[in-house]
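Just passing along the structure, written as structure tokens.
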Amino acid sequence: MDPQPLTLTLDEPLPLYRRVKAMILRSIETGEWPANGRVPSENELVRSLGISRMTIHRALRELTEAGVLVRVQGVGTFVAGAKPEAPLMEIRSIADDVRARGHAHSAAVVLLRPETLTGEAAARLEVPDGAAVAHSVLIHHEDGVPILLEDRFVRLETAPHYLAQDFTRITPHDYLMQQAPLSEGEHVVEAVLAEPWEREHLRIGRHEPCLLVHRRTWSAGRLVSVARLLFPGSRYRIGGRFTRRPASAVP
């Protein structure tokens with residue numbers, strides 16, 4: 001059976017296309033839109049919500065690019081099947097990924113405080129020795145199971161109110177995207193064994209292999225944050241897809 005038309009929540013402090021995206025994700029999370037089920041067409045959503053086709057198109061396009069929806073030419077748009085996979089080539093919100101699979105995301109804040117960086121840590125964040133920065137450590141859960149330890153340093157001049165946020169309600173990724181929209185990102189991936197304190201928070205054994213993503217993000221050419229993203233190997237995977245251009249097309 002086709003999903004019921006959405007009702008737009010007007011009091012959300014988000015651009016219109018992001019409100020549409022949020023409601024689609026909520027419909028998937030609640031199970032109203034099951035995996036592999038057809039979603040309303042652009043025309044149906046325009047009539048149901050009373051907003052422009054351009055806005056609907058952008059919301060559906062971005063969710064399709066994120067892997068949340070799948071478009072089949074001449075057939076329609078469908079909710080993608082659940083895939084517990086972190087994107088390697090993209091930078092997305094872990095909360096959106098979990099909710100897109102129809103599961104519940106939650107986060108526990110382990111640490112949130114100002115710190116002073118020196119040496120290699122300061123150089124990696126591109127701040128002078130002795131600079132004050134924000135430091136956060138969160139554990140992200142999917143249906144109550146820890147799937148990611150996020151250890152992040154943030155330059156306070158790019159997000160001066162970072163330390164005042166409730167990161168059980170908004171992810172650091174989503175908050176930083178509001179304050180300093182992403183213009184460039186860097187990922188370095190390695191296989192590691194977690195430290196004892198990390199194993200305790202992730203509830204894994206000492207020999208559980210983990211995937212560690214070192215992430216740096218920039219906004220308008222300025223480095224914003226440096227993060228260590230630790231995924232238990234038995235609970236998550238990291239993937240990506242790329243297309244090789246012909247040699248003649250490479251600048």
Side-chain angles (χ1 to χ4, degrees), residues 6 9 11-14 18-35 62-63 66-69 79-88 90-113 134-154 159 161-179 182 194-205 208 210-213 215 217 225-239:
L6 296 173
T9 303
D11 59 354
E12 289 181 313
L14 295 171
R18 290 188 61 188
R19 295 185 221 170
V20 176
K21 289 174 63 176
M23 286 187 297
I24 291 174
L25 291 172
R26 282 197 294 269
S27 294
I28 295 171
E29 180 182 359
T30 60
E32 181 181 356
W33 291 16
E62 291 192 2
L63 288 172
V68 177
L69 302 176
V79 177
K83 295 180 180 178
E85 178 174 288
L88 177 61
E90 305 171 46
I91 294 179
R92 301 205 302 257
S93 169
I94 184 68
D96 285 349
D97 283 345
V98 170
R99 291 167 184 154
R101 293 192 290 275
H103 298 168
H105 169 268
S106 61
V109 178
V110 176
L111 180 149
L112 182 62
R113 68 188 183 195
H135 186 193
S136 62
V137 177
L138 276 73
I139 309 298
H140 295 273
H141 300 81
E142 182 168 349
D143 291 340
V145 177
I147 57 169
L148 168 62
L149 185 151
E150 174 192 330
D151 187 351
R152 185 186 296 267
F153 290 93
V154 177
H161 303 297
Y162 185 87
L163 293 170
Q165 303 310 304
D166 180 358
F167 288 124
T168 65
R169 299 177 63 86
I170 184 172
T171 66
H173 169 276
D174 289 341
Y175 176 71
L176 290 174
M177 285 292 285
Q178 294 174 7
Q179 300 300 306
L182 177 72
E195 297 293 332
W197 72 272
E198 296 169 330
R199 296 198 303 267
E200 179 181 353
H201 286 293
L202 290 172
R203 304 204 296 269
I204 59 175
E208 168 88 30
C210 295
L211 291 172
L212 176 61
V213 178
R215 173 183 290 174
T217 54
S225 76
V226 171
R228 293 174 66 257
L229 308 175
L230 188 66
F231 298 86
S234 64
R235 301 175 191 165
Y236 230 68
R237 62 181 182 178
I238 298 174

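What's counted below: heavy atoms across the whole structure, side chains too, no hydrogens, waters or symmetry copies. All values reported here derive from a predicted model rather than from experimental measurement.
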- Distance from I94 atom CD1 to T171 atom OG1, nearest 0.5 Å?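 Between I94 CD1 and T171 OG1, I get 9.5 Å after rounding to 0.5 Å.
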- Note on the structure: Heavy atoms of Q178 and I170 approach each other most closely as NE2-CD1, 3.6 Å
- Message: Given L138, which partner from the list V109, V110, L112, L148 fulfils the side-chain contact (heavy atoms from CB on, under 4.5 Å) test?
- Response: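 So the option named by the test is V109.
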- Give the minimum heavy-atom separation between E208 and P232, together with the two atoms involved.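 Taking every non-hydrogen atom into account, OE2-C, 4.1 Å.
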- Message: If you compare all heavy atoms of L69 against all heavy atoms of V79, which two are closest, and at what distance to 0.1 Å?
- Response: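 So the minimum-distance heavy-atom pair works out to CD2-CA, 4.1 Å.
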- Task: Any chance you could lay out the salt bridge (Lys or Arg N to Asp or Glu O under 4.0 Å) test for R92 and E62, step after step, and finish with the verdict?
- Result: CA-CA 11 Å; R92 301 205 302 257; E62 291 192 2; over 6 Å; no
- Contact check, side chains of L111 and R113, non-hydrogen atoms, under 4.5 Å: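 Touching, per the 4.5 Å side-chain cut-off.
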- D151 to H135 - nearest heavy-atom pair and separation: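 Scanning both residues, the minimum pair turns out to be OD1-NE2, 2.6 Å.
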- Message: Do E142 and R101 have side chains that approach each other closer than 4.5 Å (heavy atoms only, starting at C-beta)?
- Response: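 Yes, side chains in contact.
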- Query: Shortest non-hydrogen contact from R203 to G144?
  - Reply: NH2-O, 3.1 Å
- Task: Could you tell me whether the side chain of D166 reaches within less than 4.5 Å of the side chain of Y175, counting heavy atoms only?
- Result: no
- Task: Decide yes or no for P146 and H140: does some side-chain heavy atom of the first lie under 4.5 Å from some side-chain heavy atom of the second?
- Result: no
- Measure from the ring center of F167 to the ring center of Y162 and say whether it is less than 6.0 Å. yes
- Message: If you compare all heavy atoms of T168 against all heavy atoms of A107, which two are closest, and at what distance to 0.1 Å?
- Response: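 For T168 and A107, the tightest heavy-atom pair comes out as CG2-O, 3.5 Å.
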- Start with the C-alpha gap between E29 and H103, add the side-chain angles, then the distance that decides, and say whether side-chain hydrogen bond (donor to acceptor under 3.5 Å, both in side chains) holds. CA-CA 6 Å; E29 180 182 359; H103 298 168; over 6 Å; no
- So do R199 and E195 actually touch side chain to side chain, heavy atoms under 4.5 Å? no
- Item | Pairwise side-chain contact, R228 with L212, heavy-atom cut-off 4.5 Å (strictly under) | yes
- Query: Only one of D143, V98, I147, D96 forms a side-chain contact (heavy atoms from CB on, under 4.5 Å) with H105, so which one is it?
  - Reply: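 The side-chain contact (heavy atoms from CB on, under 4.5 Å) with H105 is passed solely by V98 among D143, V98, I147, D96.
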- Item | Separation of H141 NE2 from H201 NE2 (nearest 0.5 Å) | 10.0 Å
- Message: Under a 3.5 Å threshold, yes or no: a donor from one side chain and an acceptor from the other, between R152 and S225?
- Response: yes
- State the CG-CE distance between L25 and M23, to the nearest 0.5 angstrom. 10.5 Å
